[in-house]
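Residues: numbered from 1 along the sequence shown. Source: prediction; values computed, not measured.
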Amino acid sequence: MSSAFVTGGSGFIGGRLIRRLVGEGWRVRALARAEASAAKVSALGAEPVQGDLSDPGSIRAGAAGCEYVFHAAAHLGEWGTREEFERDNVTGTKHVLAGSREAGVRRFVHVGTEAALLAGRPLVNVDEDAPLRPDSKALYSSTKALAEQAVRDANGEGFETVVVRPRLVWGPGDTTIVPSLAAAIDRKRFSWIGGGGHLTATTHVDNTVEGLVLGAKRGRPGGVYFVTDGDPAVFREFISALLRANGIEPPDRNTPAAVGRIAAGASETVWRAFRLKGSPPVTRLAYWLSAQECTIDISRARSELGYEPVITRETGLEQLRREPAVPPALP
């Protein structure tokens, strides 16, 4: 029987991963910071291990006797302090690496992101050879780049690391994209920047999990792999379909791309200079993620992992119509 220790198991990707592993007969433990997290991973069939990313000891105890570690925990979001992002994404990842190695884990699988490559320019048919951008002005991008580099540097004899990078993860149980969009629409802050006619890669959560499992089983030591839903979609068309599948009608408001780009930089400057509460109306990361092309070449995952999407975009959207990620926004 295969065994795994999962961080971020009470989250969107981690929870779906636990469900898949348990369903295939794996023995799974999961890091749980709070009682609510422990209850959630327990309900999914994993054994909760009390602790958090700041405690290598609890990670070592949780990973003891496990062949694999899946690191899905991360500090998400467009805005926050450098301390918050570095604590969870960089230092936290290093703690999980250290605890896993000390526990005798054979393979460490890290949930990466295309955001680790973002620093202001579109990603066009990008592959795994594109450079990481720890110099990015977006804290999420910068710290995820640093975290991935730490994972790649840790690969060695007796302790193998693999990075799997999905883009724009969506599907049942989504705690990020649809809830964030719904909140922006409710606050009248949603707009299509540049019209939304550019292409984007997407990755259904089940395709993300497929990539993670294949990365664990077949990934080359030190390997990095992009996984997506296959062909890209027009950003506006996909996001509109995603919102409607969740019972939310997308607004028609548009903002010129140049205006959005200038507003993002100016807003961040003002918010940091005056230490304003909350987040700016638009951030650099939000602009990059929603207004620029992001198309991805997944040929490496196909050739080395045997990866193919296990669910199509159309089937996933139909499932969401029956199982919305969030309730419809109030009028």
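- Closest non-hydrogen pair, A63 versus S100, comes out as CB-CA, 4.4 Å.
- Y225 and R165 share no side-chain donor-acceptor pair at under 3.5 Å.
- The hydrophobic cluster containing I296 does not contain L199, counting ILVMFWY residues as joined when their side-chain heavy atoms lie under 4.5 angstrom apart, directly or transitively.
- Under a 3.5 Å cut-off, the side chain of D127 and the backbone N or O of N125 do not form any donor-acceptor pair.
- Counting only heavy atoms from C-beta outward, the side chains of P172 and R16 approach each other to under 4.5 Å.
- The nearest pair of heavy atoms linking F226 to E114 is CE2-CB, 3.8 Å.
- Taking each heavy atom of L320 and G171 in turn, the nearest pair found is CD2-C, 3.8 Å.
- Linking ILVMFWY side-chain heavy atoms closer than 4.5 Å, directly or via other members, places L76 and V164 in a single hydrophobic cluster.
- Using a cutoff of 4.0 Å between basic side-chain nitrogens and carboxylate oxygens, E148 and K144 are not scored as salt-bridged.
- Heavy-atom minimum distance, F5 versus C66: N-SG, 3.9 Å.
- With a 6.0 Å radius and a threshold of 12 heavy atoms from other residues, nucleotides or ligands, E83 has its CD atom at or below the threshold.
- Remark: the backbone N or O of V310 is paired with a side-chain donor or acceptor of N207 at under 3.5 angstrom.
- Side-chain contact between W192 and I239 is present, with at least one heavy-atom pair separated by less than 4.5 Å.
- For CG of D153, the number of neighbouring non-hydrogen atoms (other residues, nucleotides, ligands) closer than 6.0 Å is greater than 12.
- Inspection of the T200 and R167 side chains reveals an N or O donor paired with an N or O acceptor under 3.5 Å.
- Taking each heavy atom of E268 and L285 in turn, the nearest pair found is OE2-N, 4.4 Å.
- V227 and V209 end up in the same hydrophobic cluster when Ile, Leu, Val, Met, Phe, Trp and Tyr side chains are linked at under 4.5 Å.
- When only modelled atom types and interatomic distance are considered, T161 and H110 share no side-chain donor-acceptor pair under 3.5 Å.
- Under the 4.0 Å criterion applied to side-chain N and carboxylate O atoms, R87 and E84 are not assigned as salt-bridge partners.
- Relative to the ring axis of W26, R20 does not place its NZ or CZ within 45° and under 6.0 Å from the centre.
- Inter-residue side-chain proximity for Q292 and Y287 is flagged as met; some heavy-atom pair is nearer than 4.5 Å.
- Within a 6.0 Å radius of CZ in R19, no more than 12 heavy atoms belonging to other residues, nucleotides or ligands are found.
- The two residues A116 and A145 come nearest to each other via the heavy atoms O-CB, 3.6 Å.
- Residues T315 and H204 have side chains not in contact (no heavy-atom distance under 4.5 Å, counting atoms from C-beta outward).
- Inspection of the N155 and R220 side chains reveals no N or O donor paired with an N or O acceptor under 3.5 Å.
- With hydrophobic clusters built from ILVMFWY side chains whose heavy atoms lie under 4.5 angstrom apart, F108 does not share a cluster with V162.
- At most 12 heavy atoms of other shown residues, nucleotides or ligands fall within 6.0 angstrom of atom CZ in R33.
- In this structure, R236 contributes its side chain and G195 its backbone to a donor-acceptor pair below 3.5 Å.
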Please test D174 against V205 for side chain to side chain contact (heavy atoms under 4.5 Å, CB included), starting from the C-alpha separation and ending with a verdict.
CA-CA 9 Å; D174 176 15; V205 65; over 6 Å; no
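- Counted by atom type alone, T295 and E293 present one or more donor-acceptor pairs between their side chains at under 3.5 Å.
- Cluster membership for L168 and I248, using ILVMFWY side-chain heavy atoms within less than 4.5 angstrom, is shared.
- A salt bridge links E160 and R106; the closest N-O separation between the charged side-chain nitrogens and carboxylate oxygens is under 4.0 Å.
- Taking the side chain as every heavy atom from C-beta outward, I18 and F70 never approach each other to under 4.5 Å.
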